[in-house]
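One structure below.
All chains are named by letter (A, B, ...) in the order of the sequence lines, taking the proteins before the strands, and each is independently numbered beginning at 1.
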Amino acid sequence: MTNQRPEADQAGDHSAAATLPTQYAPAEVEGKLYERWVAAGYFEADAKSDKPPYTVVIPPPNVTGSLHLGHAFEHTIIDSLTRRKRMQGYETLWQPGMDHAGIATQNVVERELAKEGKSRHDLGREAFVERVWQWKAESGGQISGQMRRLGDGVDWSRERFTMDEGLSQAVQTIFKKLFDDGLIYRAERIINWCPRCLTAISDIEVEYQDDEGELVSIRYGDGDDAIVVATTRAETMLGDTAVAVHPDDERYAHLVGREIELPLTGRRIPVVADAHVDPEFGTGAVKVTPAHDPNDFEIGRRHDLPSIAVLDERGVITVHGPFQGLDRFEARSAIVGALRAEGRIVAEKRPYLHSVGHCSRCKTTIEPRLSLQWWVKVGPLAQAAGDAVRDGRVAIHPKEMEPRYFGWVDNLHDWCISRQLWWGHRIPVWYGPDGEVVCVGPDEEPPSGEGWTQDTDVLDTWFSSGLWPFSTLGWPERTPSLEKFYPTSVLVTGYDILFFWVARMMMFGLYAMDGTPPFHTIALHGMVRDQFGKKMSKSFGNAVNPLDWMDAYGSDAVRFTLARGANPGTDVPIGEDWVQGSRNFCNKLWNATRFALMNGATVAGPLPEAADLSAADRWILSRLNATVAEVDALYDDYQFAKLSDALFHFAWDEVFDWYVELSKTTLAAGGPAADASRRVLGEVLDVTLRLLHPVVPFVTEALWTALTGRESVVVAEWPADSGFRDAAAEAEITTLQQVVTEVRRFRADQGLKPGQRVPARLDLAGTPLAAHEEAIRSLLRLQPAGDGFTATASLPVAGATVALDLSGAIDVAAERKRLQKDLAVAEKELAQTTAKLGNEGFMAKAPEQVVAKIRTRQATAEADIARITAQLAALPQA
RNA sequence: GGGCGCAUAGCUCAGUGGUAGAGCACUGCUCUUACAAAGCAGGGGUCGGCGGUUCGAAACCGUCUGCGCCCA
């Protein structure tokens, strides 16, 4: 569209329409409009404003990421919410930014270095971190540009990054506070170790899947001391320090307390009794490797067993002997081979399907590893996070997702927060020469001098993401933004990452902000799937780049398709056909507005009084206001699919298909009625475009500015229901629609071409449609009945009769077939309603309105049968 | 193994006690002066099976079958 200076146009100026091409071309509109919005500062939030605040923080995408449909979906939801609130007069902040994605980003840069034949160790820590920043500056954060394409109304002047100075200070502040409160501690435990990323990861970064492994039964000890254990991890037997059996297991009672020989090593290990052993599983005896299995670690603790580590950080066997230097998987077969040679393999099951943990980042099999790490003691924090939802201060939407939240937050293990990476917030703890441990706050000088060193680990990325709702607003400073915009209003995120960081934000928000939760509502959405409901994945080959669809059909089309599928908490299937359908809707909107502009639709001046409006005008205004109310209610309930659908159907089925068509007759006639219609048309489009704007911002902006001559729909007022309703006008137009549809049906059944003019005589005396005769004739291509008019067909419908002269024989067979079908439907209806009304139980117990409704249906069926029977009788005999 | 959920038109999904709906797909006719990315008309479902509650069940209860997801 060439209309880039809408303020220069007058409302209703016919020249505005002349500049609109017959097809909507999103590519020519979207980019320019977005730049204008940003330049105008519409998305900037003012902390000094008197307006009530509405705040949403973006779930920060990874700095390594690019826009996928999941983002597009989530952003469409957030953008619609914030755009509507902005129009409603809230001081609206949609806070943008990214997280530093510790492991992912470090991996990206390490891969770059590898191409140069270098490792991060060649550069050293400082130079490597420098290199990561350089990478971020050059190729990180692609998603920011893509968010602009999507139309995201974020305040770019406030963009934040979790590694920024201010946010790093927030991290250090909360670390110190938690440390001082005893909620952060250091301990040696079994953690999830990725032998490829060479770092600890948290429980939720482990993905379990059923893998084909092996279950090997090994005989430990000999003679009377023999005991068979089953394991999927034979290679860890080198680190076994006991065999455990259930205390009540009589099979092994005689062995408890004795020592047996561990094969291949010559070591002697005890047999211990532990209630955690399942006597039903395998032989009821298990090998115990405290250094390489979390359950075994606990058994070891209970029985004071030593831990013998046999694998290094890369999963390579470290103990002396023939297996030293073998990878854990090579060692497994080597050790089974050696045991077999000694005749100690009692049974082998291969493949044996069992659940194995994998690194969510690189899919490498996780190695449980005993190591010294930093932990957050989550007990009191998780309790508070659960209580905030339990006592209603925070609502989870949809409510069905609550058990999922409680199930997790109430059973939370302590959170391992240290990572053996270089990219991230370095743990602010210094160790002294004499074993001192000092946690340093943001305003404190680290201890200096001989022998003092800082912890080399960094913090889990989620540690900083958990601070996002307040760190982005300036915390720990009590900034005006923090005062104005905290707590945020709603957090929009996928149910799949409810645990990853919603719970973390809740814990940290409540803890840091004196018990004020970071948001009052958690609105959960589902995942985007393909058109057959399958999960999108690169390996399956059904992943879609949203930018391709945005290029082909426009961002609005992608957004509208996603919004139409957004039922709370459920997954959203999307296919190209559906995006095309949304594009078609945008085009329809475009052309309807184009028609309105060509015909002088206007928003100038007040609406005429109801008395000066036609039934069609009153009908559409009644429907318009009902739609405003409906859409408002649906927005407040996060029902994006339903509100989008309501707007789609109101716009297309009512405004475009009927009101616009009816207005053609009125406009052609001219006079005051035409003036009124121009004003109503302008009103209906104005309000409809404003209602649609949050979901399809671009096309509505282009059209609304052209229609109204005003600055921007972004800052227009959100429509309000005027309360105007007109049931009589609605009934009148419904009757009109019935008459028109019935005659169209007859025309189609008779094989008349749509444009073919037919002489007709209308008898509307029994209806309120007298004023609509011209419109009905126009819609049905009916000519006046001239001299020699001979009715060859007479159609009774809704009290009216339309007589047509088809100048010749009609297709009696087609009409008979049709009428017989209608008759069958009416007869079935009569039978059903009559049966109900004859049912004593129904008559005695059904509510008044239901009985009345059935009576009406019965009467209608009877009338239909009479009418159709008469029509059939009137048909010429074949 | 524990928990949550789903099964409605060819596909994807709405529909929490009173006439089974939408989008897309499908069939026929049309360039009717906003729009063929369109218009008009039409076809299509024993609401997974069985049993129960009820005057009345797609909906509520039980059960079976099939399929998801989360946790262990």
- Message: Does A/Gln858 reach a base, just sugar-phosphate, or nothing at all? Heavy atoms under 4.0 Å.
- Response: nothing
- Query: Salt bridge or not for A/Arg233 and A/Asp296, using N-O below 4.0 Å?
  - Reply: no
- Base B/A34 paired with A/Lys664 side chain (donor-acceptor, <3.5 Å): yes
- Message: Would A/Arg623 and A/Trp658 count as a cation-pi pair here, with the cationic atom under 6.0 angstrom from the ring centre and within 45° of the axis?
- Response: no
- Flag this pair as yes if the NZ/CZ of A/Lys664 is under 6.0 angstrom from the six-membered ring centre of A/Phe595 and inside a 45 degree cone about the axis; otherwise no. yes
Please list, for nucleotides 2-13 of chain B, all pairs of protein and nucleotide N/O atoms separated by less than 3.5 Å.
residue: B/U12; atom: OP1; partner: A/Phe532; partner atom: O; Å: 3.3

- Base-pairing assignment for B/C71 (Watson-Crick or G-U wobble, both under 3.5 Å): B/G1
- Donor-acceptor side-chain pairing of A/Tyr405 and A/Asp410 below 3.5 angstrom: no
- Note on the structure: Side-chain atoms of A/Glu829 come closest, of B/A41, B/G23, B/U19, to B/U19
- Message: Under a 3.5 Å cutoff, is there a donor and acceptor pairing between the side chains of A/Gln871 and A/Arg867?
- Response: yes
- Item | B/G39 OP1/OP2 closer than 4.0 Å to side-chain N/O of A/Trp658 | no
- Item | Cation-pi geometry met for A/Arg404 and A/Tyr495 (6.0 Å, 45°) | no
- Message: Measuring only the P atom in each nucleotide, how far is B/G1 from B/A59? A whole number of Å is fine.
- Response: 29 Å
- Message: Is it the case that B/A41 (base atoms only) and A/Arg745 (side chain only) share a donor and an acceptor within less than 3.5 Å, ignoring hydrogens and angles?
- Response: no
- Between CZ of A/Arg564 and P of B/C24 the distance, given in whole Å, is 7 Å
- Ignoring hydrogens and angles, answer whether the base of B/A34 and the side-chain atoms of A/Glu661 contain a donor-acceptor pair closer than 3.5 Å. yes
- Once the angle between the rings of A/Trp462 and A/Trp501 is folded into 0 to 90°, is it parallel (under 30°), tilted (30 to 60°) or perpendicular (over 60°)? tilted
- Item | Counterpart base for B/C50, defined by Watson-Crick or G-U wobble contacts under 3.5 Å | B/G62
- For A/Asp657, report the nucleic acid contact type (base, sugar-phosphate, nothing); a contact means any heavy atom under 4.0 Å. sugar-phosphate
- Among the nucleotides B/C40, B/G23, B/A34, which one has an atom lying closest to any side-chain atom of A/Phe648? B/G23
- Task: Indicate whether OP1 or OP2 belonging to B/A38 is found under 4.0 Å from a side-chain N or O atom of A/Asn587.
- Result: no
- Query: Under 3.5 Å, is there a donor-acceptor pair between the A/Glu205 and A/Ser202 side chains?
  - Reply: yes
- Message: Reading RNA chain B from 5' onward, which residue's closest nucleotide shows up sooner: A/Gln580 or A/Val740?
- Response: A/Gln580
- Task: Give one of base, sugar-phosphate or nothing for A/Ala592, where a contact means two heavy atoms less than 4.0 Å apart.
- Result: base
- Message: Would you say A/Lys588 places a side-chain N or O within less than 4.0 Å of OP1 or OP2 belonging to B/G39?
- Response: yes
- Query: What nucleic acid atoms does A/Lys753 come within less than 4.0 Å of, heavy atoms only: base, sugar-phosphate, or nothing?
  - Reply: sugar-phosphate
- Using a heavy-atom cut-off of under 4.0 Å over every strand shown, decide if A/Arg818 touches base, sugar-phosphate, or nothing. sugar-phosphate
- Item | Integer-rounded Å distance: B/A34 P and A/Leu703 CG | 17 Å
- Query: Quick one: A/Tyr24 OH to B/A36 P, roughly how many Å, whole number?
  - Reply: 17 Å
- Message: What contact category does A/Tyr495 fall into here, base, sugar-phosphate, or nothing, at under 4.0 angstrom with non-hydrogen atoms?
- Response: nothing
